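Heads up, the thing below is written out as structure tokens.
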Amino acid sequence: MTLKARRRFFMAACLIPGLVMFILFKLYPAMQVFYKSFFLWTGIGDKPKFIGIKNFVDMFHDDVFLLSLRNTGFLIIIVPIFTLLIALVNASILTRTKLKEKGLYRTLFFFPSILSFVVIAILWSFIYHPTIGFLNSGLEMLGLGDYAMAWLGDSRTVLWALAVTLIWQAAGYYMVIYMAGIDSISPDLYEAASIDGATPFKQFIHITIPMLWEIIRITIIFSINGVLTISFVIVTIMTAGGPDRHSEVVMTYLYQQAFTNSNFGYAMAIGVFVFLFSVILSLISNKLTERGSN
């Protein structure tokens, strides 16, 4: 066997197992989900019944699904905006200022990103607890007890409470990404701007953001997709969709339809919708941010 043939054999030996695993555990299940979304299927033992696009039509006549879609849309808008803004500001402060104990602050800000989502959900459930929670206790200590409430039990505040949890979890992760990007910007640009009399805020607006724009574009897409996946764990543990479905998100409703109601065909249709929704949303956000860079 020639050297060239051995190299090809080695490459095939490395690639084929991974390709087989991808087909068996990624591509084939995804195709099955798309296929079964056109069927009425209530369980593994039942024979699926073809019903065409009825599952997809039913979604838009399902008040609970529409409410979960609205709640998901709220989180997709609010969480990435505040997460990336906080991350960008913190990254700029920790890299561009002569702040003491920078290493400690970096660790503290990044720490939530290494915690399990389950731990984070339990932690914030205690913080929001109406009687022993840190938030209401803090308000009482400050003489603001009139503002204390059941944060996770009130339809007016539950989504905002969940949004704060998601922002707290992710901001440190994106902060580290932005810090790496800021460190790659030439210090000469900031020095020249300082000589011209530009304030730190103007330097942030006219140097930091434009130089990081390509990274920001990518993190916007990551953040949107992160909200779709992580919100399932956070909502399931903290509120279970309550009160009265006001914190229900698409992924928790999908899970309920599949494993509580045994309506697998309908759940798969929701899964296909979420996939297409994610792709379209990513394309739109990428297009909008691409225009912003131009």
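Along the sequence shown, residues carry numbers from 1. Because the structure is a prediction, the values reported are computed rather than measured.
Between Phe34 and Phe38, a ring centre-to-centre spacing shorter than 6.0 Å is recorded. Checked against the 6.0 Å centroid threshold, Phe60 and Phe273 count as a close aromatic pair.
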Practice prompt. Please lay out, stage by stage, how Tyr255 and Phe232 fare under the test ring-ring contact (aromatic ring centres under 6.0 Å, His included).
Written response: CA-CA 9 Å; Tyr255 182 89; Phe232 169 76; 5.5 Å; yes
Discussion item. I'd like to know whether Ile132 forms a side-chain contact (heavy atoms from CB on, under 4.5 Å) with Ser137, so could you lay out the CA-CA distance, the side-chain angles of the two residues, the decisive distance to 0.1 Å, and finally the verdict.
Written reply: CA-CA 7 Å; Ile132 61 173; Ser137 298; 6.0 Å; no
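A side-chain donor from one of Ser194 and Gln203 sits under 3.5 Å from a side-chain acceptor of the other. Residues Trp41 and Asn263 have side chains that never bring a donor and an acceptor to within less than 3.5 angstrom of each other. Thr260 and Gln256 are not linked by any side-chain donor-acceptor pair at a separation below 3.5 angstrom, with hydrogens and angles left out of the test. When only modelled atom types and interatomic distance are considered, Tyr253 and Asp62 share a side-chain donor-acceptor pair under 3.5 Å. A side-chain N or O of Tyr178 and one of Thr219 form a donor-acceptor pair less than 3.5 Å apart.
Annotation: side chain of Trp151 is in contact with side chain of Asn136 (closest heavy-atom distance under 4.5 Å). Counting heavy atoms from C-beta outward, Ile221 and Ser282 have side chains that approach closer than 4.5 Å. Residues Tyr173 and Ile114 are not in side-chain contact: their nearest non-hydrogen atoms beyond the backbone lie 4.5 Å or more apart. Phe117 is listed as a side-chain neighbour of Gln169, based on a closest heavy-atom distance under 4.5 Å. Taking the side chain as every heavy atom from C-beta outward, Asp58 and Lys54 approach each other to under 4.5 Å. Between Asn225 and Thr229 the shortest side-chain heavy-atom distance does not fall below 4.5 Å. Taking the side chain as every heavy atom from C-beta outward, Trp124 and Val164 approach each other to under 4.5 Å.
The main-chain N or O of Val235 is found under 3.5 Å from a side-chain atom of Thr239 such that the two form a donor-acceptor pair. Side-chain atoms of Ser125 do not come within 3.5 Å of backbone N or O of Met238 as any donor-acceptor pair. Looking at Ser37, its side chain never comes within 3.5 Å of a backbone N or O of Ala269 through a donor-acceptor pair. Side chain of Thr72 to backbone of Val250: a donor-acceptor contact under 3.5 angstrom is found. With Ser247 contributing its side chain and Gly241 its backbone, the two residues share a donor-acceptor pair below 3.5 Å. One N or O on the side chain of Lys102 and one on the backbone of Thr97 form a donor-acceptor pair closer than 3.5 Å. The closest donor-acceptor contact from the side chain of Ser184 to the backbone of Gly181 lies under 3.5 Å. Side-chain N or O atoms of Ser68 include one that pairs as donor or acceptor with a backbone N or O of Phe65 at under 3.5 Å. No donor-acceptor pair closer than 3.5 Å links the side chain of His129 to the backbone N or O of Ile127. Between the Thr236 side chain and the Val233 main chain, no donor and acceptor come within less than 3.5 Å of each other.
The OH atom of Tyr128 lies 10.0 Å from the CG atom of Leu123; values are rounded to the nearest 0.5 Å. Taking CD1 of Ile76 as the start and CG of Asn71 as the end, the distance is 11.0 Å to the nearest 0.5 Å. Between atom OG1 of residue Thr83 and atom CG of residue Leu166 there is a gap of 7.5 Å, rounded to the nearest 0.5 Å. In this structure, CG in Leu212 is found 12.0 Å from CE in Met179, a value given to the nearest 0.5 Å. Atoms OH and CD1, from Tyr266 and Ile51 in turn, are 10.5 Å apart once rounded to the nearest 0.5 Å. Atom OG of Ser116 is separated from atom CD1 of Ile122 by 8.0 Å, given to the nearest 0.5 angstrom.
With sequence neighbours excluded, the residues that form a side-chain contact (heavy atoms from CB on, under 4.5 Å) with Ile81 are Ile77. Here Phe22 pairs with nothing under the ring pair (Phe, Tyr, Trp, His ring centres under 6.0 Å) rule; sequence neighbours left out.
Under a cutoff of 6.0 Å and an axis angle of 45°, Arg96 and Phe204 do not form a cation-pi pair.
Between Phe74 and Trp160, the two ring planes are perpendicular [angle over 60°; tilted spans 30° to 60°].
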